[in-house]
Protein chains: 2
Amino acid sequence: MSTMETRQRLPAAERRESILAAASVVFGERGYAGATTDQIAVAAGISQAYVVRTFGSKEALFVEVAHRAVGRIETAFRTAIATDDGEPVDKRLGQAYLDLIADRGILLSLLHIFSLGNDPAIGPIGRDGFLAIYRLLRDEAGLSPEDASHFLAEGMLINTVLALQLHDSDDPDALELVTNACGGDLSRFRALAAG
Amino acid sequence: MSTMETRQRLPAAERRESILAAASVVFGERGYAGATTDQIAVAAGISQAYVVRTFGSKEALFVEVAHRAVGRIETAFRTAIATDDGEPVDKRLGQAYLDLIADRGILLSLLHIFSLGNDPAIGPIGRDGFLAIYRLLRDEAGLSPEDASHFLAEGMLINTVLALQLHDSDDPDALELVTNACGGDLSRFRALAAG
DNA sequence: GTCTATATTTCGATAGAC
DNA sequence: GTCTATCGAAATATAGAC
């Protein structure tokens, strides 16, 4: 008998999705260069060779992950704009953003994209994506340039304190800072950090 | 005759500094995992083996670079607080920050540190450094927790747009965003991007 | 203080079977 | 659709000469 359980045979589209999900987590934790295709393969429950074969190269896989992450923000914001529950737009947008980056893979992948602005393959994705989101805030949500900029600034601080895992610190100053940055309800992030 | 020019023999302390300066640039451009000790060696004008020998390991070198980057912010802020020229503190602090991260190596090294919060060696440096800066703003500069948080948020947006090199874009929306994020004088950043 | 040479490890990618 | 096996290319670190 084989010591390895029988693998599940999936349609190509589904397999792609499962690899992308695993890759988002691993790229997030380690960064683009620091992550290995083998770590992604283990996380996805398949062989290293199959990861590479499915996307052609590690870089192509990261590019896809990056596009997805940016796309998810755009989708979340458009939904928040369309769903008028009486709250002001910026409140709704902020809530939508917090909900989205409670997914640590997305949060960290975004940070890595931002810090690779010089990379010929990844830089343009970050620039185009960030600008698209800025325009969305200004033109679709109707924020003034100043308010859009202010909203983005708050978002970048949220990214930083969560990436640093300050929401997991027992330092009272850390709690004060994270509360001011993210608003009162931190439970969703604490819960995630435990897992 | 040798094709290689005679290397300059430097005191250990000076050589350390020159390696740290080169490492800040290379780590910034490529990230911790993406940078190689050989690239740093070339930038510093010495051999790869000597880089490793001087700091013991690539990780130890990055840890040193990270500590320096955080330390430079603290020093710049303390100087700005002490140097009262009639401008309000937050104005002086903002100006000091812009002056500092016109050094792209520092800027990008900081971003990489933030995005490696999970790393056992680098995570604590980022957390401790960020908290130290928060306390400095609140306790030494006298900002309220809300103002300190707001100041940090603006800083994180500045980091992002500069890392993405949006200050180098010819898109009018990019210009609008960068101007709102960084204030009017963008010339210092444009000049750097050309070099 | 600094180099050359190299041992060792690791990783991305390819080939080919099933 | 997925795996095993393996090649070849870096990259870190060490050894030892000068």
Side-chain angles (χ1 to χ4, degrees), chain A residues 1-23 25-27 29-66 112 116 119-122, chain B residues 1-23 25-27 29-66 112 116 119-122:
Chain A
M1 65 182 176
S2 164
T3 143
M4 175 83 63
E5 301 175 29
T6 306
R7 302 272 193 212
Q8 182 139 9
R9 205 181 168 83
L10 290 185
E14 284 183 41
R15 186 56 84 187
R16 276 182 71 90
E17 293 304 318
S18 80
I19 297 174
L20 284 166
V25 173
V26 177
F27 278 134
E29 293 299 329
R30 315 270 197 147
Y32 168 57
T36 71
T37 53
D38 189 59
Q39 291 162 350
I40 295 168
V42 169
I46 59 175
S47 72
Q48 180 266 336
Y50 192 24
V51 170
V52 174
R53 167 161 283 219
T54 303
F55 289 87
S57 71
K58 176 184 171 181
E59 181 176 90
L61 173 55
F62 187 76
V63 165
E64 182 75 22
V65 167
H112 290 299
L116 292 176
D119 187 283
I122 301 165
Chain B
M1 65 179 175
S2 164
T3 143
M4 177 83 63
E5 300 175 30
T6 305
R7 302 273 192 213
Q8 183 140 11
R9 204 181 169 83
L10 289 185
E14 284 183 39
R15 186 57 83 189
R16 275 183 70 90
E17 294 304 319
S18 80
I19 296 175
L20 283 167
V25 174
V26 177
F27 278 134
E29 293 300 330
R30 313 270 198 149
Y32 168 58
T36 72
T37 53
D38 190 59
Q39 290 163 349
I40 295 168
V42 169
I46 59 176
S47 72
Q48 179 267 335
Y50 192 24
V51 170
V52 174
R53 182 169 198 93
T54 303
F55 289 87
S57 70
K58 176 183 169 179
E59 182 176 89
L61 173 55
F62 186 75
V63 165
E64 182 74 22
V65 168
H112 290 299
L116 292 177
D119 186 282
I122 301 165

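All chains are named by letter (A, B, ...) in the order of the sequence lines, taking the proteins before the strands, and each is independently numbered beginning at 1.
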Query raised in the report: Can any side-chain N or O of A:Gln39 pair as donor or acceptor with the backbone N or O of A:Thr36 at less than 3.5 Å?
Result: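 Between the backbone of A:Thr36 and the side chain of A:Gln39 there is a qualifying donor-acceptor contact (under 3.5 Å).
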
Send over the distance from [X] [atom1] to [N] [atom2], rounded to a whole Å.
{"X": "A:Arg16", "N": "D:dT2", "atom1": "CZ", "atom2": "C1'", "answer": "16 Å"}
{"X": "B:Lys58", "N": "C:dT8", "atom1": "NZ", "atom2": "C1'", "answer": "16 Å"}
{"X": "A:Gln39", "N": "C:dT10", "atom1": "CD", "atom2": "P", "answer": "12 Å"}
{"X": "A:Leu61", "N": "C:dA13", "atom1": "CG", "atom2": "C1'", "answer": "14 Å"}
{"X": "B:Arg53", "N": "C:dT4", "atom1": "CZ", "atom2": "P", "answer": "14 Å"}
{"X": "B:Tyr50", "N": "D:dC18", "atom1": "OH", "atom2": "P", "answer": "19 Å"}
{"X": "A:Phe55", "N": "C:dG12", "atom1": "CZ", "atom2": "P", "answer": "15 Å"}
{"X": "B:Ile40", "N": "D:dT12", "atom1": "CD1", "atom2": "C1'", "answer": "12 Å"}

How is [X] classified with respect to the nucleic acid when contacts are heavy atoms under 4.0 Å: base, sugar-phosphate, or nothing?
{"X": "B:Ser47", "answer": "base"}
{"X": "A:Ala35", "answer": "sugar-phosphate"}
{"X": "A:Ser57", "answer": "sugar-phosphate"}

Query raised in the report: Ignoring hydrogens and angles, does a donor from either the side chain of A:Gln48 or the base of C:dA13 sit under 3.5 Å from an acceptor on the other?
Result: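 Such a pair is found, so the answer is yes.
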
Query raised in the report: Which residue, A:Asp38 or B:Arg15, contacts DNA chain C at a nucleotide closer to its 5' end, judged by nearest heavy atom?
Result: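 Closer to the 5' end of DNA chain C: B:Arg15.
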
Query raised in the report: If each of B:Ala49 and B:Pro11 is mapped to the nucleotide of DNA chain C with the nearest heavy atom, which maps nearer the 5' terminus, i.e. the 5' end?
Result: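 Looking at the nearest nucleotide for each, B:Pro11 comes out on the 5' side.
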
Query raised in the report: Considering all heavy atoms of both residues, which atom of A:Ala60 and which atom of A:Phe55 are nearest to each other, and what is their separation?
Result: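 Minimum heavy-atom contact is CB-O, 3.3 Å.
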
Query raised in the report: Any idea which heavy atoms bring A:Ile19 and A:Ala44 closest together, and the distance?
Result: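 For A:Ile19 versus A:Ala44, the nearest heavy atoms are CA-CB, 4.3 Å.
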
**Report entry** Charged tip of A:Lys58 within 45° of A:Tyr32 ring normal and under 6.0 Å
**Finding:**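 Geometry flag: set, cation within 6.0 Å and 45°.
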
Query raised in the report: Given the rule in the side chain to side chain contact (heavy atoms under 4.5 Å, CB included) test, do B:Leu61 and B:Leu20 qualify, once you have shown the distances and angles that lead to the verdict?
Result: CA-CA 8 Å; B:Leu61 173 55; B:Leu20 283 167; 3.8 Å; yes

Query - Phosphate contact (C:dC11 OP1 or OP2) by A:Thr37 side-chain N/O below 4.0 Å - result: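 A:Thr37 to C:dC11 OP1/OP2: no side-chain N or O under 4.0 Å.
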
